[in-house]
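See below for the structure under consideration.
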Amino acid sequence: MASHHCALTSRALWSAFIPARTSPLTVPTFLAPCLAQRSNFSTTTPVRSKIGSAPLSLPPDVTFTITPTSVTSASRTSPRNAAGSSVEITGPQGKLSLSIPSYMSIEVDEEKRTRTLRIQDADERKQREMWGTVRAYLANHILGVSEGHTAILRLVGVGYRATVENKAITKSPAYDGQKFVSLKVGYSHPIELGIPVGVKASTPQPTRILLEGTEREVVMQFAAEIRAWRKPEPYKGKGIFVNGETIKLKAKKIK
């Protein structure tokens, strides 16, 4: 009799604290979004590239020539990586060329002297990414052949000097007539760097280097190579600064 009474008591306690299996499962409010079916957070349509769709204005003394690619050369590669038309831009400073992808086209407006870049499918991410990039390359080429690109390097430090030499002691010229930038930036020997093709270097002041060229990538790459020998440091503010580059000074560590 005592065992039967204990069984009834345990069953009553079990039903009091444990809900029945048939009762619906309640979920806290803050967990409801996690258990809901996954959906897209963004419902807006892809936005057209503001940079890529902007028209390119041509100066009066710049010619913009588009040469379509041949069918035989385009069929050798996949359509995704196939090269499209070739653009040749000529101006007073020189001539530059660029190959655009096959999914891009250029609209010509002779009255306004503008060129507008278009893509085939604005919903494809790869095309949208390259749209503004190719347009920026074309804009840099137009500016390069008309006015040219420049980079000014400032040498900040005691005894820092730079000169442009016709010959180098530690390096041999890579092409005929190559000049070299010689740096004195705290090493036991001068640093000699060969000037690339298409870049003109001069030193208006002993602590200034002026780089000029038609292709912006080549000019800025050579400026980065010069800067790498003395990167600006944050304690004394010494180093080689490119264009308007600045650095925030740190407080000295006191032991």
Side-chain angles (χ1 to χ4, degrees), residues 40 42-153 195-202 210-224 242-245:
N40 294 329
S42 178
T43 58
T44 58
T45 57
V47 181
R48 294 168 59 87
S49 175
K50 295 181 180 180
I51 298 177
S53 59
L56 295 163
S57 299
L58 299 181
D61 51 356
V62 173
T63 59
F64 195 98
T65 307
I66 304 173
T67 305
T69 184
S70 60
V71 179
T72 56
S73 61
S75 60
R76 297 176 184 175
T77 58
S78 61
R80 185 179 181 86
N81 300 324
S85 303
S86 177
V87 177
E88 186 176 280
I89 305 172
T90 307
Q93 302 295 331
K95 179 174 63 176
L96 294 174
S97 60
L98 179 69
S99 296
I100 64 175
S102 58
Y103 51 80
M104 291 186 182
S105 60
I106 299 177
E107 295 181 359
V108 180
D109 189 345
E110 293 295 347
E111 294 182 1
K112 299 181 179 179
R113 288 189 60 82
T114 59
R115 304 293 186 270
T116 307
L117 196 64
R118 303 296 184 191
I119 57 175
Q120 293 179 357
D121 188 4
D123 295 333
E124 188 174 349
R125 181 177 179 181
K126 180 66 176 179
Q127 296 189 20
R128 294 199 310 269
E129 291 175 346
M130 293 301 297
W131 194 3
T133 302
V134 174
R135 195 266 179 194
Y137 277 124
L138 292 174
N140 289 336
H141 285 1
I142 293 174
L143 181 61
V145 299
S146 59
E147 299 179 6
H149 295 282
T150 60
I152 301 175
L153 291 85
I195 302 174
V197 179
V199 177
K200 179 183 177 182
S202 60
L210 175 62
L211 302 180
E212 301 173 285
T214 57
E215 196 166 359
R216 185 177 185 274
E217 291 75 17
V218 179
V219 173
M220 297 308 297
Q221 177 63 33
F222 186 51
V242 179
N243 292 332
E245 181 182 7

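To the nearest 0.5 Å, the span separating CZ on R135 from CE on M104 amounts to 12.5 Å. In this structure, S99 OG and E88 CD are separated by 11.0 Å, a value rounded to the nearest 0.5 Å. Note that OG1 of T214 and CG of L143 are 10.5 Å apart. Values are rounded to the nearest 0.5 Å. Taken from CD1 in I89 to CG in L96, the straight-line distance is 7.0 Å, to the nearest 0.5 Å. With values rounded to the nearest 0.5 angstrom, T150 atom OG1 is found 9.0 Å from M220 atom CE. Atom CG of L138 is separated from atom CZ of F64 by 5.0 Å, given to the nearest 0.5 angstrom.
Minimum heavy-atom separation, I142 to P59: CG2-CD, 3.7 Å. The shortest heavy-atom contact between H141 and S97 is NE2-O, 4.0 Å. Taking every heavy atom of both residues into account, S146 and P92 meet most closely at CA-CD, 4.1 Å. When all heavy atoms of P55 and T116 are compared, the closest pair comes out as CB-OG1, 3.6 Å. Nearest heavy-atom pair across S57 and T114 is OG-CG2, 4.2 Å. Of all the heavy atoms in Q127 and Q120, the pair that sits closest is OE1-N, 3.4 Å.
Contact annotation: the side chain of N140 approaches that of E217 to within less than 4.5 Å [non-hydrogen atoms, C-beta and beyond]. With contacts defined as side-chain heavy-atom distances shorter than 4.5 Å, the pair T65/T90 does not qualify. A heavy-atom distance below 4.5 Å is not found between the side chains of M130 and I119. In this structure, I66 and V108 have side chains that are in contact, with non-hydrogen atoms separated by less than 4.5 Å. The shortest side-chain heavy-atom distance between Q221 and V199 does not fall under the 4.5 Å cut-off. Using a 4.5 Å heavy-atom cutoff, the side chains of L153 and L211 are in contact.
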Practice prompt. Report the C-alpha separation of Y103 and E124 in whole Å, then their side-chain angles, then the decisive distance to 0.1 Å, and conclude whether the side chain to side chain contact (heavy atoms under 4.5 Å, CB included) test is met.
Written response: CA-CA 11 Å; Y103 51 80; E124 188 174 349; over 6 Å; no
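Side-chain N or O atoms of W131 include one that pairs as donor or acceptor with a backbone N or O of L117 at under 3.5 Å. With R118 contributing its side chain and E107 its backbone, the two residues share no donor-acceptor pair below 3.5 Å. With N243 contributing its side chain and E245 its backbone, the two residues share no donor-acceptor pair below 3.5 Å.
Within a 6.0 Å radius of CZ in R115, more than 12 heavy atoms belonging to other residues, nucleotides or ligands are found. Summarising the local packing, CG of L98 is surrounded by more than 12 heavy atoms from other residues, nucleotides or ligands at distances under 6.0 Å.
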